[in-house]
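First the structure, in the form of structure tokens, and then the observations on it.
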Amino acid sequence: MKKALLTALIFIVTSVGLCACSDGEIEVPDGLQIVKISEDEGYHLFGPEGWVVANDGSIAASYVSTINSTSITFTKAKAPEGTYEEYFNREIAKFAYDITILDGEAAKPIAFGNADEAVSYVYTFEYGGVSLASWQILIKNDGEFYIFTYTSYGDPTDEESDYQYYLEVVSLAVDSFEFVEKSGASDKAEPTGEWVLTSDKSLSGFELYLPDTYLTENVGGIVKAMISDKASLSLTKASTTGVSILEYIEQRKSELESLFGEVSDIAIKLETLPDMSGENADMFSSFDISPTADPDITFGNLEKNRIIRYEYSYTYNGRVYRTCQLFGVSRWDGFVFTYTAEESEYGTHIDEIERILQEVKF
């Protein structure tokens, strides 16, 4: 039964939100690669060449490898109240671990690409019995607020540490960051709440309808949308790797753990449960939960027996994020839908997300 399940769900996979867009007009600095190019959000983020790009919703991210979780992340955040110091102290109080700020490395003014202003912190902490260090930069630009974080292993003052080993190329990524004019911001009509077609089926392989209140971006057939400052979604056709949906989900979880530490499984749903006895007993052993049957599972007009729904949560910068991903297969192609939101806002949009999933056409 496991073989039948995996065979039926073999598809082409790209990491939705895990892949970097390329653009021939964008000059990539030597030693770097594109992590995220967002004309709608108005920035170009580059990261070290050869690292795994692992964007998740509104969080742009890249890390060294599955055996070395040294990473960079960048995200927009709610503008702080009060001083940088007051904001930072409030935020670290939410962390599940204690941090130690290096002397002279608190709210230190620095340049972050072409941003209006930025300050940085360097701090150390213990996580899972491992000594880690972070260089976190708080950024203000054009009235908006962002956070960049570089995290690696060891003592940041030790020239032999991983932190110091990667610091030069990460510094190049910081220097190369670019805020750009947001595309279409002045030309966009006032939103009415109407649902509009946001995809080109000839490129993407699907028709995706979204409320016109969403800020959408369509690059090479990948549709991404900001629902709010705390919630986003994406839908993409996958590219050939010849792995099964279940194998992809396991890979996805491993990548997220490399970036964010613990990933908490919430639900895995299929139309019907496979036989998980005998040699199939460990089919879902990579997860902390057992799958459940959901005869009403829906991903547009895809056949229900070709869909898996995976829900999970993780913590980033003291905030809990929850994600719902659907993986489905048409006759020839695979597709991945991702909805991510801060946990406090996740339920606010879920009814609308379910409607989106019902109405998408492949």
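- Side chains of Tyr214 and Glu352: a donor-acceptor N/O pair is present below 3.5 angstrom, by distance only.
- Note that the CZ atom of Arg322 and the CD atom of Glu343 stand 7.5 Å from one another [nearest 0.5 Å].
- Between Phe125 and Tyr123, the ring-plane angle classifies as tilted under the 30° and 60° cut-offs.
- When all heavy atoms are compared, the tightest approach of Lys304 to Ile297 is NZ-O, 2.7 Å.
- Clustering of Ile, Leu, Val, Met, Phe, Trp and Tyr by side-chain heavy atoms under 4.5 Å joins Ile67 with none of the others.
- Taken from CD in Glu178 to CD1 in Ile37, the straight-line distance is 8.5 Å, to the nearest 0.5 Å.
- A distance-only check finds no donor-acceptor pair linking the side chain of Glu144 to the backbone of Lys76 [under 3.5 Å].
- Side-chain N or O atoms of Ser161 include one that pairs as donor or acceptor with a backbone N or O of Asp158 at under 3.5 Å.
- With hydrogens and angles disregarded, a donor-acceptor distance shorter than 3.5 Å links the side chain of Asn55 to the backbone of Ala61.
- The backbone N or O of Leu259 lies less than 3.5 Å from no partner atom in the side chain of Tyr316, so there is not a single donor-acceptor pair.
- Residue pairs meeting the side chain to side chain donor-acceptor pair (under 3.5 Å) criterion with at least one member in residues 96-114, sequence neighbours excluded, do not occur.
- Side-chain N or O atoms of Thr149 include none that pairs as donor or acceptor with a backbone N or O of Thr73 at under 3.5 Å.
- For OH of Tyr165, the number of neighbouring non-hydrogen atoms (other residues, nucleotides, ligands) closer than 6.0 Å is 12 at most.
- When all heavy atoms are compared, the tightest approach of Tyr43 to Lys36 is OH-CD, 3.1 Å.
- Between the side chain of Ser199 and the backbone N or O of Leu208 there is at least one donor-acceptor pair closer than 3.5 Å.
- Between Tyr163 and the choices Val122, Thr151, Thr70, the side-chain contact (heavy atoms from CB on, under 4.5 Å) rule is met once, by Val122.
- Under 3.5 Å, the side chains of Tyr63 and Asn68 contain no donor-acceptor pair of N or O atoms.
- Rounded to the nearest 0.5 Å, atoms CE (Met283) and OG (Ser285) are 10.0 Å apart.
- Of the possible polar contacts, one joining the Ser204 side chain to the Phe206 backbone as a donor-acceptor pair under 3.5 Å is found.
- The aromatic ring centroids of Tyr312 and Phe260 lie 6.0 Å or more from each other.
- At least one donor-acceptor pair under 3.5 Å links the side chain of Asn141 to the backbone N or O of Asp116.
- Contact between Ala133 and Pro156 at its shortest, heavy atoms only, is CB-CD, 3.7 Å.
- For Trp135 and Tyr166, the ring centers sit 6.0 Å or farther from each other.
- If you chain together hydrophobic residues whose side chains sit under 4.5 Å apart, Val336 and Leu256 fall into the same group.
- The only option from Thr340, Thr323, Ile266 that meets the side-chain contact (heavy atoms from CB on, under 4.5 Å) definition with Ser313 turns out to be Ile266.
- Under 4.0 Å is where a charged nitrogen must lie from a carboxylate oxygen, and between Glu342 and Arg319 at least one such pair does.
- Below 30°, between 30° and 60°, or above 60°: for Tyr146 and Phe74 the angle between ring planes is below 30°, a parallel geometry.
- Taking the six-membered ring for Trp, Phe46 and Phe177 have ring centres at least 6.0 Å apart.
- For Ser69 and Tyr153, the side-chain atoms include at least one donor-acceptor pair closer than 3.5 Å.
- Not a single donor-acceptor pair under 3.5 Å links the side chain of Ser62 to the backbone N or O of Ile72.
- A side-chain donor-acceptor contact under 3.5 Å links Asp265 and Tyr310.
- Other residues sharing a hydrophobic cluster with Val180 under the 4.5 Å side-chain heavy-atom criterion for ILVMFWY residues do not exist; the residue is a singleton.
- Distance check, rounded to the nearest 0.5 Å: OG of Ser258 to NZ of Lys253 gives 12.5 Å.
- Side-chain atoms of Ser120 and Gln136 include no donor-acceptor pair closer than 3.5 Å.
- Taking the six-membered ring where the residue is Trp, the centroids of Phe299 and Phe327 are separated by 6.0 Å or more.
- Taking a cutoff of 4.0 Å between a charged side-chain nitrogen and a carboxylate oxygen, Arg309 and Glu311 qualify as a salt bridge.
- Within 6.0 Å of the NZ atom in Lys78, the count of heavy atoms belonging to other residues, nucleotides or ligands does not exceed 12.
- Counted by atom type alone, Glu354 and Gln358 present zero donor-acceptor pairs between their side chains at under 3.5 Å.
- Expressed to the nearest 0.5 Å, how far CG of Leu270 lies from OG1 of Thr272 amounts to 7.0 Å.
- Between Arg252 and Asp56, at least one side-chain N (NZ, or NE/NH1/NH2) sits under 4.0 Å from a carboxylate O, which counts as a salt bridge.
- Cation-pi check for Lys140 over Tyr84 is met; the charged atom lies under 6.0 angstrom from the ring centroid and within 45 degrees of its normal.
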